[in-house]
Amino acid sequence: MNGQQNLTTRQYSGVTVIGLGPMGQAMTRTLLTAGHPVTVWNRTAGRADGVVEDGATLAATPRDAVEASDLVLLSLTDYRAMYDVLDGAAASLAGRTLVNLSSDTPERTREAAAWAADHGAAFLTGGVMVPAPMVGTDAAHVYYSGPEGVMRTRTETLAPLGTPRYLGEDPGLAQLMYQAQLTVFLTTLSGLMQATAMLGAAGMKAAEALPELLSSADSTADILRAGEEDPGAALDAGEHPGDLSTVTMMGATSDHIVETAMSLGLDLALPRAVQAHYRRAIDDGRGGDNWTRIIDGIRSPRRPDEVGDRGLGDR
């Protein structure tokens with residue numbers, strides 16, 4: 001009863017959501033559930049029908065949407081879309097906070113923050129680290145970066161979307177973390193499909209293969225944490241002890257994966273990319289180090305003219 005009374009007596013600040021793909025719709029419904037009046041706009045107006053039925057207000061133009069709230073959330077394809085949508089509303093941005101939850105590069109994010117500042121708006125970068133159906137759940141978290149004072153002011157309103165994790169003042173930081181997380185995610189997805197295709201070549205159905213492969217994916221983090229030393233701290237210290245696994249050992253495994261994929265007639269792009277990391281470390285004389293030594297080659301890639309042709313059997 002007390003919770004219901006609070007919902008009816010407390011004044012919740014209004015929020016605008018621009019972009020009503022699955023993520024934008026999920027954020028709109030979450031904010032409505034939390035008690036915030038929400039104004040929405042989408043280039044295809046019909047996408048707003050469901051959230052309008054749930055209580056959102058549809059703005060006729062981006063300018064109307066911006067002017068409806070002092071907090072504007074953007075859920076668009078990329079940062080170019082922000083300029084396309086807000087170009088006609090730029091004069092109305094002064095004094096408002098833009099929170100761009102779209103995906104793009106850290107540098108484009110910094111440019112967008114400068115653009116917003118030029119128009120008198122505060123700017124926060126955000127990266128939502130769950131799919132749309134999980135927005136607003138206990139499992140959801142969102143990375144943010146930008147002015148700390150702005151983040152403090154907006155945290156309470158943004159919190160229903162997912163636990164806020166503030167990374168710092170640089171607007172590019174949240175975008176960089178988002179892209180880093182997606183690097184792990186997308187590479188894992190490609191690995192799962194590569195492995196499923198390998199097993200499928202032997203006649204195993206995906207329904208049988210995927211549970212086994214997903215179990216392996218689930219255990220990867222536990223394996224990395226199993227050692228006595230913190231792997232992150234060891235990386236920061238430049239320490240790569242090869243007492244449990246070595247670059248040479250893992251490199252041999254990567255060779256076998258390439259050979260297997262080749263024999264099955266599968267695409268070799270992913271296994272060869274992984275193989276290249278280990279070959280580089282071996283070429284650099286680091287074969288006896290832990291597999292984490294491959295980070296050196298990732299940090300300092302060779303120029304194309306430095307990479308020679310090598311056979312599968314070469315080490």
Donor + acceptor pair across side chains of Thr61, Asp64 (<3.5 Å):
yes

Say whether, by atom type as modelled, one donor and one acceptor occur between the side chain of Glu169 and the main chain of Glu148 under 3.5 angstrom.
yes

Exercise answer: donor-acceptor pairs, residues 130-140 side-chain atoms, under 3.5 Å, sequence neighbours excluded:
residue, atom, partner, partner atom, Å
Thr137, OG1, Met134, O, 2.7
Thr137, OG1, Ala139, N, 3.3

Which residue, Val38, Leu158, Leu71, forms the side-chain contact (heavy atoms from CB on, under 4.5 Å) with Leu31?
Val38

Do Met129 and Val142 come within less than 4.5 Å of each other through their side chains, counting heavy atoms only?
no

About how many Å separate CZ of Arg63 and CG of Leu93, when rounded to the nearest 0.5 Å?
10.0 Å

Non-hydrogen side-chain atoms of Val40 and Ile18 separated by less than 4.5 Å
no

Give a yes or no on whether a salt bridge exists between Asp70 and Arg96, defined as a side-chain N under 4.0 angstrom from a carboxylate O.
no

Could you measure the distance from the CG atom of Leu161 to the OG atom of Ser75? Nearest 0.5 Å is fine.
10.0 Å

In this structure, CG of Asp289 is separated from CD of Glu239 (nearest 0.5 Å) by 11.5 Å

Is there a path of hydrophobic side-chain contacts, each under 4.5 Å between heavy atoms of I, L, V, M, F, W or Y residues, that connects Tyr166 with Tyr143?
no

About how many Å separate OG1 of Thr163 and NE2 of His141, when rounded to the nearest 0.5 Å?
8.5 Å

Between Ser145 and Asp170 (side chain of the first, backbone of the second, donor and acceptor by atom type, cut-off under 3.5 Å), is there such a pair?
yes

To the nearest 0.5 Å, tell me how far Leu74 CG sits from Asn100 CG.
4.5 Å

Could you check whether atom OH of Tyr83 has more than 12 heavy atoms from other residues, nucleotides or ligands sitting under 6.0 Å from it?
yes

Charged N-O contact under 4.0 Å between Glu111 and Arg108:
no

Identify each donor-acceptor pair in which a side-chain atom of residues 172-180 lies under 3.5 Å from a protein atom, sequence neighbours left out, and give them as a table.
residue, atom, partner, partner atom, Å
Gln175, OE1, Asp104, N, 3.2
Gln175, OE1, Gln179, NE2, 3.1
Gln175, NE2, Ser102, O, 3.2
Gln175, NE2, Thr109, OG1, 3.3
Gln179, NE2, Ser103, OG, 3.0
Gln179, NE2, Asp104, O, 2.8

dist His240:NE2 -> Trp291:CH2 (nearest 0.5 Å) comes out at 10.5 Å

Verify, without hydrogens or angle tests, whether Thr125 (side chain) and Pro171 (backbone) share a donor-acceptor contact under 3.5 angstrom.
yes

With distance as the sole criterion, is a donor-acceptor pair present between the side chains of Ser245 and Asn290 under 3.5 Å?
yes

In the single-linkage hydrophobic clustering (I, L, V, M, F, W, Y; side-chain heavy atoms under 4.5 Å), do Met151 and Val15 co-cluster?
yes

Backbone N or O of Thr16 within a donor-acceptor pair of the Ser69 side chain at under 3.5 Å?
yes

Salt-bridge contact Arg280-Asp296 (side-chain N to carboxylate O under 4.0 Å):
no

Between the main-chain N or O of Arg47 and the side-chain N or O of Thr44, is there a donor-acceptor pair closer than 3.5 Å?
no

Contacts table for residues 206-215: side-chain donor-acceptor under 3.5 angstrom, sequence neighbours left out:
none

Result of checking Arg299, Arg302, Arg279 against Asp284 for salt bridge (Lys or Arg N to Asp or Glu O under 4.0 Å):
Arg302

